[in-house]
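Computed from a prediction, not measured in an experiment: that's the story for all the values here. Letters go in sequence order (proteins before strands), and every chain restarts at 1.
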Amino acid sequence: MSAAPEHAPKMADVSLRDRIAPHMPVLLVPLIAIAGFLAIQNPSSWLTLTVSGLAMGMMIFIMASGLTLVFGLMDVINFGHGAFVSVGAFVGISVLLLLGHMTEAPSLLLNLTALLVAVLGAMIATGIMGWAFEKVIVEPVYGHHLKQILVTMGGLIVVEQLIVVLWGPEEIYILRPEALKGAITFAGAAIEKYRLVAVGVGLAVFLAMRWVLRRTKIGLIVRAGVENGEMVQALGYRLRLVFVGVFIAGSALAGLGGVMWGLYQEVVTAHMGNQAMILIFIVVIIGGLGSVEGCFIGALLVGLLQNYIAFIEPKAALISNIALMVTILMWRPMGMIPVVKAK
Amino acid sequence: MSDPILKLEGVYTNIAQYHILQGVDLQVPRAAVTMLLGRNGVGKTTTLRTIIGHWRAHKGRILFDGEDITKLPTPAIARLGLGFVPEDMGIFADLTVEENMVLAAVSGPINSARLDWIFAAFPPLKTFWKSEAGNLSGGQKQMLSIARAMVEERKLYLIDEPTKGLAPAIISTMARALKDLKDQGASVLLVEQNFAVAKALGDSANVMDDGRMTWSGEMQELATDAALQERLMGLSLEAH
Amino acid sequence: DIKIAHIYGKTGPYEAYAKQSHDGLMLGLEYATGGTMEINGEKIVVIEKDTQLKPENGKALLEEAYGDDEVDLAIGPVSSGVALAMLPVAEEYEKLLIVEPAVADSITGANWNRYIFRTGRNSSQDAVSNAIALAGEDTHIATLAQDYAFGRDGIAAFKEALESVGSDVAHEEYVPTDTTDFTAAAERIFNAMKDLDGKKKLFVIWAGGGNPMSKINAMDPSRFGIEMATGGNILAAMKAYKEFPGMEGATYYYYEIPQNPVNDWLVKEHEARFGAPPDFFTAGGMTAGIAAVEAIKKAGSTDTEELITAMEGMEWETPKGTMMFRAEDHQALQPMYHFKIKVEDGVEWAVPELVRALSIDELPIPIRNQ
Amino acid sequence: MIRTLLSGDMPRSVPLALILGVILVCLALAPFLFPGVRTVDTAARICIFIVLVASYDLLLGYGGIVSFAHTMFFGIGAYGVALASTHLGRGFDSIAIGAIAGAGVAALLALVIGLFSLRVRAIFFAMITLAVASAVAVLVSQLSGLTGGEDGLTFKTPRELGPAFKFGKEAFDGQLFGVKLNGKLLAYYFVFIGALVLFLGLLRVVNSPFGRVLQAIRENDFRAEAIGYKVVYYRVAATCLSAAAAALAGALYAVWLRYVGPDTSLSMEIMIDILLMVVIGGMGTMYGAVVGATLFVLAQNYLQNLMGAASELTSALPLLPDLLNADRWLLWLGVLFILSVYFFPTGIVGRLRNSG
Amino acid sequence: MAVDAVTCDFHPGQLTAIVGPNGAGKTTYFNLISGQIPASAGRVFLHDRDISGQSVSARTRAGIGRAFQLTNLFPNLSVLENVRLVVQAKSGRSFNLWSMVSRHGDLTAEAEAILQRVRLLEQREQVVSELSHGNQRKLEVALLIALDPAVYMFDEPTAGMSVDEAPVVLDLIEELKDQRNRTILLVEHKMDVIRTLADRIIVLHNGALAADGPPAEVMASDVVQEAYMGRGLEGVLADV
Ligand SMILES: Nc1ncnc2c1ncn2[C@@H]1O[C@H](COP(=O)(O)OP(=O)(O)OP(=O)(O)O)[C@@H](O)[C@H]1O
Ligand SMILES: Nc1ncnc2c1ncn2[C@@H]1O[C@H](COP(=O)(O)OP(=O)(O)OP(=O)(O)O)[C@@H](O)[C@H]1O
Ligand SMILES: [Mg+2]
Ligand SMILES: [Mg+2]
């Protein structure tokens with residue numbers, strides 16, 4: 001007599017399809033790139049579109065990563081996420097304006113240093129704000145999705161208005177640091193330098209998040225805490241603290257995304273974060289709420305597809321994201337790499 | 001009896017509007033296995049959960065090693081040296097066995113001697129060390145759950161029905177591991193429905209009914225008195 | 001008292017424009033009344049109302065202004081959408097609405113009624129002046145605009161104007177209003193233009209954020225000999241023009257360009273009071289304020305019919321020089337300025353240097369309200 | 001009689017009954033009690049938003065479905081009337097055709113969205129509706145040939161509903177209690193009666209057997225399935241119904257404004273307003289829609305004035321006047337938003353009923 | 001895999017008790033029959049009709065009704081409304097959008113009659129979440145009775161009920177049994193209950209059918225003694 005029935009997967013029965021299935025989301029990116037190549041037929045255009053699409057995906061990923069982190073790990077829908085993006089952009093851009101002498105100098109090193117300072121400033125500001133947001137706005141509504149939606153929307157309005165009070169109603173225009181202007185051209189394709197920076201930052205964020213979530217105990221605690229918070233506490237971990245930390249991290253990531261996005265747009269407004277929210281939601285949904293990998297792949301897909309469609313048929317670009325979302329949800333109703341268990 | 005490691009004094013616990021515990025008194029002596037018995041739904045699990053802080057006692061006191069832990073948050077209680085094996089095992093299914101164990105070793109890397117001892121007690125854990133805990137069989141999950149509690153030395157183990165759904169052979173392994181723990185000087189508070197196991201392991205016994213402690217004494221006494229068992233726990237089955 | 005309602009979107013994305021517009025209006029009233037804020041001994045009272053940029057509010061507020069507050073005339077709003085919703089109210093109440101600074105052609109076009117005057121420029125004036133500034137021998141022009149009425153109308157007017165000066169559009173590109181990534185559009189434009197000979201220009205009409213100019217510029221259009229071109233903008237947005245020294249286009253207003261007493265007064269007073277030079281919408285607001293005062297003075301009353309009679313064909317002095325309400329569609333005809341961008345040290349924004357003023361006579365603005 | 005009109009769903013609280021009574025009387029006699037263009041306009045908006053919010057309450061409060069596409073349906077109704085009036089000429093028949101067609105299209109669209117996405121997780125549904133609604137808003141602005149794009153459509157309603165139409169000259173000398181008898185007055189009563197009928201209709205629906213099933217599903221869809229209800233069908237039906245009701249509210253709005261545009265009827269801002277009205281009023285009560293919409297529309301219209309006054313009073317203090325600046329009214333609305341979720345978790349109606 | 005290849009016929013007029021240790025698969029077995037979990041293999045027949053592919057609600061309408069082990073009601077609706085909803089589900093009037101609920105007095109009357117039977121009539125206006133645990137359990141049973149299915153499935157109906165409340169429910173089950181045309185499945189841990197009510201016992205263990213037969217026979221069998229009641233462990237544990 002055995003104990004509970006043994007779980008013994010029988011490999012022989014697993015078809016090729018089943019074996020590919022877990023990797024399908026990852027494969028989608030090259031598949032779409034190949035499809036794009038066949039449809040576009042102009043190698044230099046394709047190269048430009050592909051690289052810039054990937055870079056755009058990276059920027060979206062940076063903005064979305066915080067949301068997916070917070071939702072995936074803590075089951076909190078933060079409709080105010082966009083406000084953090086805006087605040088990040090404003091703080092970062094203000095810092096950059098202060099460091100004008102560094103950004104206007106044609107030295108890559110100085111420019112990047114200034115950017116780094118701006119990013120740090122923005123992340124610290126949004127991190128602190130995230131902490132306050134969590135304490136004041138989110139804490140009382142853990143576990144109530146509807147209330148979370150309402151309260152964080154209220155928070156969004158308040159923060160946007162406070163930005164206007166602090167920075168004034170005008171849009172703030174900013175130029176990119178000198179060394180990040182312009183493009184690198186090769187093989188007939190022009191790749192904006194700034195996008196290469198975005199790719200670097202995006203990859204770094206992605207790898208860092210993966211590393212933290214997989215290799216450190218924090219990652220374990222958070223992953224375990226989502227599954228069974230009580231047990232994690234019973235092991236002696238202050239889950240609440242870790243969760244606040246996650247919220248702060250998510251907010252700081254939004255701040256980082258805000259700086260990157262603001263510099264990409266070269267103009268910041270109080271509404272800019274909220275305007276990016278739809279795109280962020282789409283990415284987070286198709287990724288499978290809560291999955292960093294899914295979010296990453298989703299962002300790349302959105303970036304690529306948007307560019308290809310806009311090139312091939314500009315009219316259809318409008319609905320390309322929605323169509324992508326619908327298709328992916330029909331294929332996998334929980335998103336590509338679902339993390340949070342069905343509710 | 002020396003001073004108990006854990007002491008509950010008139011603990012009342014409500015879950016939502018239900019009054020579950022209604023004045024529980026309990027003493028857990030050091031370096032011994034204390035049984036907590038009773039029919040289904042009398043509040044055994046609730047008692048353990050109240051001790052570890054998952055439910056809050058709204059009246060009464062809980063003393064651990066002389067310290068009042070009634071109002072402490074769960075992590076703080078756990079860090080005082082309590083190992084908890086919940087009724088549902090609390091396995092982190094998405095994590096590997098190794099990750100489950102690493103997480104349980106709160107204060108640092110796993111002590112390898114202790115790990116060897118655990119492997120010796122529960123060989124399957126070694127076999128499945130790198131596989132996802134969710135894929136383990138029920139018995140193996142139960143082993144993992146207890147192994148997690150044992151991975152570091154704790155002063156007191158709270159173990160909720162470790163043998164449910166286990167095959168007899170595994171039950172005896174489990175029982176031996178618990179006995180090892182006791183021999184190492186740890187204290188154990190054990191909830192057990194299986195009276196045979198209770199008889200074999202327990203030093204003292206406490207029987208609950210309706211959220212109250214109805215009987216406390218030596219296990220020996222309860223084990224030999226069928227009428228008492230019948231009265232306290234409705235174990236009419238045994239007499240059948 | 002003479003009551004004037006200023007109805008505009010004080011809160012919302014155009015908040016900055018709104019403030020300029022109101023400051024300008026008040027300066028205009030002050031200037032035109034010689035600082036007394038009185039016309040023929042009657043005090044001017046300005047009632048402000050915030051549409052929050054919502055057309056339905058604009059409508060209700062205008063009704064309130066005419067019906068409950070019994071204002072003599074109303075001025076506003078910033079957004080064309082709000083303006084279009086407000087137009088029929090003026091007709092219903094048979095009172096004047098001076099549109100400033102909403103630009104849609106249809107305000108003095110298809111949706112016009114005889115109670116509507118506009119002191120602001122319309123899209124055609126922008127388009128025609130830009131066409132004149134850009135067109136030239138052997139010049140190929142591609143356009144990029146947002147895919148909605150404002151963008152399409154603007155390009156249509158631009159195209160019409162180009163044709164009238166004997167040129168045409170090589171490629172039209174429209175992208176969704178909220179586009180942030182212009183790579184695809186730029187590639188399409190580059191592919192369409194790279195094999196053409198002669199001068200190549202890409203003319204951009206864009207409203208709101210997501211400015212495509214520098215994003216496309218970052219893709220190095222000069223590889224294909226393509227130059228960027230666009231119209232003038234508010235000072236804050238002109239910062240981004242620093243990337244385009246030598247770029248040409250046409251603008252509505254830049255405080256250093258017009259040379260006349262009104263503008264001198266405006267620049268001086270504005271710098272004194274607000275510590276910054278006046279901008280697009282300040283000049284616009286002032287124009288509307290002066291127009292209102294001059295019209296009442298000329299009509300000698302605030303009776304609507306008399307005002308209309310007085311204003312049709314009226315000429316008056318503004319920061320941009322003399323303007324005239326065209327009798328047919330009540331559009332203020334006004335000069336525009338062909339500029340060339342110069343980057344000056346110590347100036348936060350790029351400076352549009354005057355190439356040549358395009359006078360009223362040089363700008364054939366079609367009448368579209370027939 | 002009253003019981004039947006209210007479908008047996010009595011206010012169950014004296015203060016609530018009083019409040020509702022006052023609102024009803026004020027709205028019914030608005031043109032006479034508060035003569036003035038602005039006030040009547042406010043009253044008409046309150047009527048329309050009551051219906052709109054009530055229809056959303058059917059979805060959210062009774063069905064437990066979070067949707068962000070409600071303004072989309074509202075807009076479809078409004079555009080229905082606008083397009084019909086533009087292309088078929090002014091007239092009551094155009095209004096009827098536009099309203100019915102709008103409601104039909106809205107219901108159909110709701111059916112499609114519902115069948116596709118009510119099977120996925122609730123939160124997905126919320127986000128999907130958000131995306132769809134924003135796409136539709138962009139679509140409307142792009143199809144400017146048909147919809148007038150960003151600028152919207154201005155159109156004419158029947159002459160009888162316009163201010164130029166005067167009546168009762170002989171009998172009352174064109175005036176009644178000092179109020180001019182003109183088409184504007186008729187338009188107001190058109191809206192008022194339309195809203196009243198729609199609201200009572202919605203009240204009936206939530207108190208029908210169907211409404212009870214919806215409540216059951218909201219409470220526990222798992223168990224509802226287990227006692228034999230096909231949950232998806234009911235959810236989809238509720239979505240369609242609520243969409244159609246929202247479209248009719250939109251039609252009333254179009255009639256009142258004689259204008260439609262994306263900002264007026266499709267914007268995300270209105271969606272947030274609706275959410276707030278439902279929450280402030282009290283979800284799942286229908287009467288909450290009445291209280292919430294009334295309070296909110298009043299605040300929206302008059303909060304700015306109040307704040308302007310407050311700002312002047314505090315002008316000596318630092319920062320405060322900035323925060324109280326009338327232009328910052330959105331800030332305080334946001335604060336109100338947050339506070340109301342905390343302090344009125346069951347809404348005003350829930351509060352009144354519990355204390356009563 | 002929680003339930004493995006269990007084949008059984010259940011007949012009208014017969015009360016079958018299903019026993020087995022915690023986690024044996026009893027609830028899962030119920031879930032398979034009522035459709036909450038689709039079976040990965042195997043079929044479910046009702047009156048010789050294959051209902052395996054049908055949804056939960058379709059199976060309910062076909063005549064399979066169940067009460068849940070964990071109370072599963074409509075917490076913010078009144079007691080009467082809970083039962084009325086079930087009666088309404090059967091009446092086929094649920095897509096009626098236009099008549100007032102109060103016009104369906106027959107449904108209300110029927111619901112009240114059922115509440116009378118489970119002695120909950122006095123609480124009919126109370127909101128369920130304010131009901132005591134025992135009364136909620138009764139309501140759980142009331143819902144099933146209101147459904148009046150061909151197959152009744154009770155999952156530990158008396159769990160959490162006090163000694164004086166339980167008989168109400170047990171009497172009701174007895175009553176149903178006496179109607180002789182209802183098939184009743186009962187999961188229950190209390191052996192005395194099973195002994196008085198059951199016509200037949202099946203024992204599940206680790207998801208497999210361990211025994212099946214008349215009560216006396218099954219309870220005496222070795223497999224039950226060993227697997228369920230823990231007899232025979234003594235030998236194993238002797239050396240501990
Ligand atoms: N989350 C909860 N909400 C409401 N009541 C609960 C909850 N958890 C447990 N109860 C009730 O509390 C009582 C005691 O439960 P507890 O789990 O402590 O019993 P137990 O003695 O451990 O029983 P078992 O032997 O079945 O594990 C039971 O009646 C149970 O129904
Ligand atoms: N959704 C699920 N996923 C994985 N395993 C499950 C799931 N549901 C149940 N199980 C497992 O299936 C086994 C049988 O569970 P089931 O609930 O049927 O037991 P039971 O006999 O009803 O026990 P109890 O007496 O405690 O009610 C258990 O080991 C349980 O952990
Ligand atoms: Mg227990
Ligand atoms: Mg069970």
Distance, nearest 0.5 Å, that separates [atom1] of [X] from [atom2] of [Y]:
X	Y	atom1	atom2	value
Lys184(D)	Glu63(C)	NZ	CD	4.0 Å
Thr154(D)	Lys59(C)	OG1	NZ	6.0 Å
Gln300(D)	Asn57(C)	CD	CG	7.0 Å
Lys49(C)	Arg38(D)	NZ	CZ	6.0 Å

### Message
Quick check on Tyr93(C) against chain D: is it the side chain, the backbone, both or neither that has a heavy atom closer than 4.5 Å?
### Response
side chain
## Note on the structure
If one checks every heavy atom of Leu61(C) against chain D at 4.5 Å, the contacting part turns out to be side chain
### Query
Counting a contact as any heavy-atom pair under 4.5 Å apart, which residues of residues 251-259 of chain D contact chain C?
Tyr253(D), Leu257(D), Arg258(D), Tyr259(D)
### Summary
Against chain D, residues from residues 114-123 of chain C with at least one heavy atom under 4.5 Å, in numeric order, are none
### Query
Under 6.0 Å from the NZ atom of Lys159(C), do we count more than 12 heavy atoms belonging to anything else shown?
no
### Query
Which one, Ala60(C), Pro55(C), Pro88(C), leads in non-hydrogen pairs under 4.5 Å with chain D?
Pro55(C)
### Query
Between Arg152(C), Glu64(C), Lys54(C), which residue shows the highest count of heavy-atom pairs closer than 4.5 Å to chain D?
Glu64(C)
### Task
Could you pull out the closest heavy-atom pair between Asp68(C) and Val37(D), with the gap in Å?
OD1-N, 2.8 Å
### Summary
Whatever's closer than 4.5 Å to a heavy atom in chain C on Glu269(D) counts as side chain
